[in-house]
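Heavy atoms only: backbone and side chains are in, while hydrogens, waters and symmetry mates are out. We're numbering straight along the sequence, starting at 1.
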Amino acid sequence: MSVMPSIIRECLTGLPPHVEAVARMEGIKPRTAARSVARGRLVIPANPRRSHQPCGIGEGCRVKVNVNVGTSAQRCDLALEEAKARAALQNGADTLMDLSTGGDLPAVRRMVLSMDAPVGTVPVYEAVRRAGSAADVDADLLFSVIRDHCRAGVDFLTLHCGVNHDALAALHADPRVMPVVSRGGAFHVAMMVQRGEENPLYAEYDYLLEILSEYDVVASLGDGMRPGCIQDADRHAKTVEYLTLGRLAGRALDAGVQRMIEGPGHIPLGQVGYNVQVIKELSNDAPLYLLGPLVTDIAPGYDHLVSAIGGAVAAMHGADFLCMVSPSEHLALPDVNDVVEGTRTAKIAAHIGDISRTREGFRHPREFQMAHARRDLDWETQFSLALFGEHARIIHTRDGDIDTCSMCGDLCAVKMVREVFEKEKKRD
């Protein structure tokens, strides 16, 4: 295929303005950023049909955070989804994804696309709603929906191209406790089994790349075979999908299409680094987008914390993009408070991953300044440096405006030692 999206073509011959803007934001040289885009190690989701704050994901960039919003058949409230989207951006989300499955799907998508951030979608959700069931989705309908999303201005699409007959055979040969937990993955399995056909996104992958190239949209190659519990982490289906996604990532780059890889679901903490490194190796260091990983299955209500633990370790080993997991994961559609809590914990995990990538990471300027502000009991500076300063201020002042924290009070170790050293200095 000879058609290439403008961003890669321009990075091979020049410097697109939004690449230069991302380089400035990330503190890297513009030509370095352009080379990373051309090599497929940095993606910039920026559909030319809409403008928004630029965002770089991958090599040389800070770890980014995505937040999912969207309706369900049980709870369809456009105002609620708008409030969730705004809350996510106010609390540090870099991108949004519309995962709506209920109500007026184009209307919800238009609302999310009105936000000042890159937006992703999962087209197969709408295809299933239009068809009435997964079994009734054919290639023509699926590609038609993909085109509609691209025309609407969506910047990146989750596409479950790796859920093919090879992955399905692995699922049968090496059964799992929870066969498929990805909603998109389940739709494609149902399409293949009930129609007796290969996944059209895999069988007609070159045509898919033509569409993405035409609209300059990033392919997020979905992890439809991700484990749904840590008991399934060693089963073969996800590994078969990794291999397929690695090959498809190479074909996308050859076609000039930006792409990233999704994975790997529920896995024990000790396997996080290994899985990240395997996906990176198979995909030639394509940007890696993770939901979680969730590293235990027995903390419902606190899965945002479980995900943050897995996400921080994944980011330390090279993951580039963390998807927010809310406290309501596995339990209910998130509300605004769930989105706030999930976004904040994901941002903390991303920052921990950032400062853990190198031995000098702990000397991050903001960390350095916070240490000095705490030494000096300089509360205003601490609040200004904190990821969520107003929240910290509320906690500090609830017992009155004092010069130490109310836990230590007059027995504050920092104040005590500072006074001792000051007296010692005066004696000298």
Side-chain angles (χ1 to χ4, degrees), residues 1-5 7-9 39-41 43 45 47 120-128 131 134 137-151 154-171 180 182-193 195-226 237-263 279 281-289:
M1 188 189 307
S2 60
V3 177
M4 292 194 300
I7 185 171
I8 292 183
R9 181 173 66 251
R39 297 171 70 192
R41 297 181 176 184
V43 300
N47 188 324
T121 60
V122 188
V124 71
Y125 293 178
E126 184 169 348
V128 170
V137 175
D138 60 18
D140 288 343
L141 174 59
L142 184 53
F143 287 121
S144 175
V145 174
I146 289 170
R147 280 192 180 275
D148 286 347
H149 286 216
C150 292
R151 289 192 192 104
V154 174
D155 302 286
F156 62 101
L157 303 177
T158 289
L159 300 160
H160 299 86
C161 307
V163 181
N164 61 8
H165 280 151
D166 289 341
L168 189 58
L171 197 61
V180 180
S182 160
R183 186 161 52 192
F187 288 155
H188 285 286
V189 167
M191 290 161 58
M192 289 191 296
V193 171
R195 295 177 68 88
E197 299 173 357
E198 181 59 276
N199 176 359
L201 298 183
Y202 179 76
E204 301 182 47
Y205 187 64
D206 287 338
Y207 178 53
L208 173 64
L209 294 179
E210 289 180 10
I211 298 173
L212 299 176
S213 177
E214 178 183 354
Y215 293 97
D216 204 358
V217 170
V218 175
S220 188
L221 298 176
D223 53 343
M225 290 293 166
R226 65 179 182 266
K238 76 169 174 51
T239 305
V240 171
E241 186 178 43
Y242 287 176
L243 292 165
T244 300
L245 295 183
R247 292 192 297 271
L248 296 180
R251 287 171 60 185
L253 184 60
D254 290 343
V257 173
Q258 293 190 95
R259 77 285 182 269
M260 52 189 171
I261 312 296
E262 298 183 13
I279 297 171
E281 179 178 346
L282 292 173
S283 66
N284 192 26
D285 287 319
L288 178 57
Y289 174 26

request  = I would like to know whether Arg251 and Asp254 meet salt bridge (Lys or Arg N to Asp or Glu O under 4.0 Å); could you show each step before the answer?
outcome  = CA-CA 5 Å; Arg251 287 171 60 185; Asp254 290 343; over 6 Å; no
Evaluation steps, side-chain contact (heavy atoms from CB on, under 4.5 Å), between Glu241 and Asp166 = CA-CA 8 Å; Glu241 186 178 43; Asp166 289 341; over 6 Å; no
request  = List the steps and the verdict of side-chain contact (heavy atoms from CB on, under 4.5 Å) for Val189 and Val163.
outcome  = CA-CA 7 Å; Val189 167; Val163 181; 3.8 Å; yes
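By the 4.5 Å heavy-atom criterion applied to side chains, His160 and Val122 are counted as neighbours. When side chains are defined from C-beta on, Cys150 counts as touching Leu157, because their heavy atoms get closer than 4.5 Å. Ile146 is not listed as a side-chain neighbour of Val217, based on a closest heavy-atom distance of 4.5 Å or more. Under the 4.5 Å side-chain criterion, counting only non-hydrogen atoms from C-beta, Tyr202 is in contact with Thr244. Counting only heavy atoms from C-beta outward, the side chains of Leu282 and Leu243 approach each other to under 4.5 Å. Side-chain contact check for Tyr215 versus Arg147: some heavy-atom pair is nearer than 4.5 Å. Annotation: side chain of His188 is in contact with side chain of Leu142 (closest heavy-atom distance under 4.5 Å). At least one side-chain heavy atom of Glu198 sits less than 4.5 Å from a side-chain heavy atom of Met192.
The minimum heavy-atom distance between Ser283 and Ala249, with the atom names listed, is CB-CB, 4.2 Å. Here the shortest heavy-atom pairing between Ala255 and Leu209 reads CB-CD1, 3.9 Å. Residues Tyr205 and Ala252 share a closest heavy-atom pair of OH-CB, 3.5 Å. Shown here for Ala170 and Val240, the closest heavy-atom pair between the two residues is CB-CG2, 3.7 Å. For Met225 against Ala237, the heavy-atom pair with the smallest separation is CB-O, 3.9 Å. Pairing each heavy atom of Met191 with each of Ala134, the nearest pair is CG-O, 2.9 Å.
In this structure, CG in Leu288 is found 8.0 Å from CD1 in Ile261, a value given to the nearest 0.5 Å. Distance check: Lys238 NZ to Ile279 CD1 gives 8.0 Å after rounding to the nearest 0.5 Å. Between atom CG of residue Leu212 and atom OH of residue Tyr207 there is a gap of 11.0 Å, rounded to the nearest 0.5 Å. Rounding to the nearest 0.5 Å places CZ of Arg41 at 4.5 Å from CG of Asn284. From Ile211, atom CD1 reaches atom CG of Asp206 across 11.5 Å, with rounding to the nearest 0.5 Å. One finds the CE atom of Met260 at 7.0 Å from the OG1 atom of Thr158 (value rounded to the nearest 0.5 Å).
Partner of Leu201 under the side-chain contact (heavy atoms from CB on, under 4.5 Å) criterion, chosen from Leu208, Val124, Asn164: Leu208. None of Arg259, Gln258, Glu262 except one satisfies the side-chain hydrogen bond (donor to acceptor under 3.5 Å, both in side chains) rule with Ser220; the exception is Glu262.
Checked against salt bridge (Lys or Arg N to Asp or Glu O under 4.0 Å), Glu281 has no partners two or more places apart in sequence or in another chain.
Checked by atom type and distance alone, the side chain of His149 never pairs as donor or acceptor with a backbone atom of Phe156 at under 3.5 Å.
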